[in-house]
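One structure is given here, and the rest of the page talks about it.
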Amino acid sequence: MDSIIFDVDGTLWDSTEICAKAWTDAIHRETDLSLTIDAPTLKGLFGRLLPDIASVLFADYPKEEQLRLIELCCQEEHKALLAQCAPLYPALEDTLRQLKKKYRLFIVSNCQAGYIEVFLETSGLGSYFEGHLCPGDTGNAKADNIRQIIRDYNLKTPVYVGDTLGDFNATKDAGIPFVFASYGFGQVSSPDYTIQCPGDLLNIF
């Protein structure tokens, strides 16, 4: 193995409490919906592409309005996360510091443009990662973005660390091993490896 590609939500941090409040504030300001979004709801939705999340939350609205509303939610979310870093999973920075001594580190997440940059800035962890991609950058889904990272950085034997079945399926589509972050938001029945916390990566590799 020469590199590790990480998911963000449910793998590096848990932003659902902060995002739920930000999204609720945006919805109440911009719509007549009485919808209040909570963290468990977002944990069930994070990992999907944003248009899919919008179609669930704003099912009564036309597609164009769904996309407008989810964009407003994301703008509000960015402001909130820059003002307050979401909780990082235990010993994350120390784990990344040790991993970086041996491996090249990257991020591929199913998020909007700018979200990974917000994570890197507000967490102070930007120096550990060599590159990142998301659908907001490329218009492509996760498997294609994983393949693009592999091509762009000439990776030979990467693995992917994520927490949902969607992560697992994308990783298998891309043809690389999957490490299941079981402390995250989803369930995966047959990963290649399982970790209970980020630090477990040091014992696998």
Option among Y183, F6, F185 that satisfies the ring pair (Phe, Tyr, Trp, His ring centres under 6.0 Å) test with Y89: Y183
Separation of C134 SG from E117 CD (nearest 0.5 Å): 7.0 Å
Residue pair V56 / R48, side-chain heavy-atom distance below 4.5 Å: yes
4.5 Å side-chain heavy-atom contact, L50 and Y115: no
Which residues share a side chain to side chain donor-acceptor pair (under 3.5 Å) with E130, sequence neighbours left out: R104
Check against salt bridge (charged side-chain N to carboxylate O under 4.0 Å, His left out), D144 and R151: CA-CA 10 Å; D144 290 328; R151 288 194 306 269; over 6 Å; no
Atom CD of Q75 with >12 non-hydrogen neighbours under 6.0 angstrom: yes
Side chain to side chain, D200 and N203, heavy atoms closer than 4.5 Å: yes
Counterpart residues, side chain to side chain donor-acceptor pair (under 3.5 Å), relative to E30 (two or more places apart): none
D173 vs K142, salt bridge (charged side-chain N to carboxylate O under 4.0 Å, His left out): CA-CA, chis, key distance, verdict: CA-CA 9 Å; D173 189 3; K142 181 165 283 184; over 6 Å; no
Side-chain heavy atoms of C85 within contact of W13, under 4.5 Å: yes
Heavy-atom side-chain proximity of D192 to V179 below 4.5 angstrom: no
D137 (side chain) donor-acceptor with L133 (main chain) under 3.5 angstrom: no
Residues T41 and D38: side-chain donor-acceptor under 3.5 angstrom: yes
Summary of ring-ring contact (aromatic ring centres under 6.0 Å, His included) pairs that have at least one residue in residues 39-62, sequence neighbours excluded: none
ring-ring contact (aromatic ring centres under 6.0 Å, His included): pairs with one or both residues in residues 131-173, sequence neighbours excluded: F106-Y153, F168-F178
Donor-acceptor contact below 3.5 Å, side chain T171 vs main chain D167: yes
Intermediate values then yes/no, side chain to side chain donor-acceptor pair (under 3.5 Å), Q98 and D94: CA-CA 6 Å; Q98 294 186 61; D94 183 60; 2.8 Å; yes
L105-I107 co-clustered via ILVMFWY side chain contacts under 4.5 Å: yes
Side chain to side chain, I176 and I150, heavy atoms closer than 4.5 Å: yes
Side chain to side chain donor-acceptor pair (under 3.5 Å) partners of R68, counting only residues at least two apart: E65
I195-F180 co-clustered via ILVMFWY side chain contacts under 4.5 Å: no
Flag, side chain of D9 to backbone of G47, donor-acceptor distance under 3.5 Å: no
Interatomic spacing from CG in L99 to CD1 in I4 - rounded to 0.5 Å: 4.5 Å
T157 (side chain) donor-acceptor with D2 (main chain) under 3.5 angstrom: yes
Within-4.5 Å side-chain heavy-atom neighbours: V8 and C111: no
Closest contact, heavy atoms only, A174 versus I146: CB-CG2, 3.7 Å
Donor-acceptor contacts, no H, no angles, side chain residues 19-26, under 3.5 Å, sequence neighbours left out:
residue : atom : partner : partner atom : Å
K21     : NZ   : D25     : OD2          : 3.0
W23     : NE1  : E77     : OE1          : 2.7
T24     : OG1  : A20     : O            : 2.8
T24     : OG1  : I37     : N            : 2.9
T24     : OG1  : I37     : O            : 3.2

F119 side chain near L81 side chain, heavy-atom distance below 4.5 Å: no
